[in-house]
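Numbering of ligands and ligand atoms starts at 1, following listing order.
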Amino acid sequence: MNKTARDYIVFPLDVASAGEAEELVRLLDGHVGMFKIGLELFIDQGPSVIRMVRDLSRAGIFLDLKLHDISATVGRAMERVAGLGVDLVTVHAGGSFQMLEAAVQGGMGKTGVLGVTLLTDNDSESVEAAGFKEEFIREPRKLVELRARMARRAGCAGVVCSGREARMIKQEFGKDFLCVTPGIRPQWSLLEKDDQKRVTTPARAVSVGSDLLVIGRPIRDADDPAGAAQKVIAEIQEALSKA
Ligand code: C5P
């Protein structure tokens with residue numbers, strides 16, 4: 001199946017109740033490629049929320065659990081996740097290689113594993129405080145690269161990284177290794193007080209090679225969320241036509 005501009009959009013269901021999540025799925029079905037279920041909703045609702053999304057939409061399902069534990073535990077947790085019919089799951093790539101490998105095996109080819117390289121609220125200071133060596137303190141992107149290499153070797157489907165590292169990831173690890181980018185802000189949605197510091201526009205993210213763009217509040221907080229998603233789709237289409 002050919003990938004369309006809509007398929008680039010991952011919409012996070014960052015709400016606390018099943019009712020709100022259902023409303024958003026109904027509103028945005030057909031306008032986004034995937035729905036992302038995060039910890040808040042999953043802890044509150046459990047697997048029933050995945051069934052709800054599957055019943056209401058044909059979009060993909062991305063479970064953002066950011067797993068990090070001993071290999072055996074992560075492997076077994078992933079087997080449960082694969083049984084839920086989830087397409088992608090996040091695992092911290094800062095764990096061991098064995099943990100990533102166990103996650104991939106637990107996914108049984110049904111659920112792809114995305115390695116979380118370095119959370120975007122980290123900077124040189126937090127990398128130093130965490131005890132990393134000089135090279136990574138000077139250039140946190142080197143840590144992103146190292147972790148992506150480990151994720152790739154373990155058989156992960158791709159990584160989550162900021163728009164700033166997307167080009168490097170695609171160049172280093174090839175077109176089949178997914179690059180998922182959060183912190184996306186269309187020009188028209190830039191808010192004065194935004195907690196996402198290192199933002200990228202949808203057009204820029206696609207032009208540097210991101211395969212999936214996590215876009216939440218610009219769509220959710222718009223007066224017309226489906227219309228906002230369509231505006232993003234048009235922007236992605238234009239960027240793809242120039243690529
Ligand atoms: O577009 P918006 O800022 O609302 O998107 C927020 C979503 O992106 C949340 O689900 C959050 O978990 C996710 N995310 C993020 N920064 C990261 C990784 C994921 O904001 N580095």
Other residues, nucleotides and ligands only: do more than 12 of their heavy atoms fall within 6.0 Å of NZ on K3? yes
Mind checking what makes side-chain hydrogen bond (donor to acceptor under 3.5 Å, both in side chains) contact with K242, not counting sequence neighbours? E238
Just say parallel, tilted or perpendicular for the rings of H68 and H92, cut-offs at 30° and 60°. tilted
Contacting atoms of ligand 1, where contact means under 4.0 angstrom from a heavy atom of K36: 9 (C), 10 (O), 11 (C), 12 (O), 13 (C)
Given S189, G38, P182, G183, which has its nearest heavy atom closest to atom 19 (C) of ligand 1? P182
Check ligand 1 against G216 and write out every atom of the ligand that is under 4.0 Å from a heavy-atom position of the residue. 1 (O), 2 (P), 4 (O), 5 (O)
Donor-acceptor pair, side chain of R54 and main chain of L84, under 3.5 angstrom: yes
Measuring from non-hydrogen atoms of V160 to any atom of ligand 1, is the shortest distance under 4.0 Å? no
Proximity to ligand 1 by part of S162, non-hydrogen separation under 4.0 Å: neither
Lys/Arg N to Asp/Glu carboxylate O, D14 vs R217, below 4.0 Å: no
Salt bridge check, R149 against E145: does any charged N sit closer than 4.0 Å to a carboxylate O? yes
Heavy-atom contacts with P218 under 4.0 Å: which atoms of ligand 1 show up? List them by number with element. 1 (O)
For R217, take its heavy atoms, then give the atoms of ligand 1 lying under 4.0 Å from any of them. 1 (O), 2 (P), 3 (O), 4 (O)
For ligand 1, does R185 get within less than 4.0 Å through its side chain, its backbone, both, or neither, judged by non-hydrogen atoms? side chain
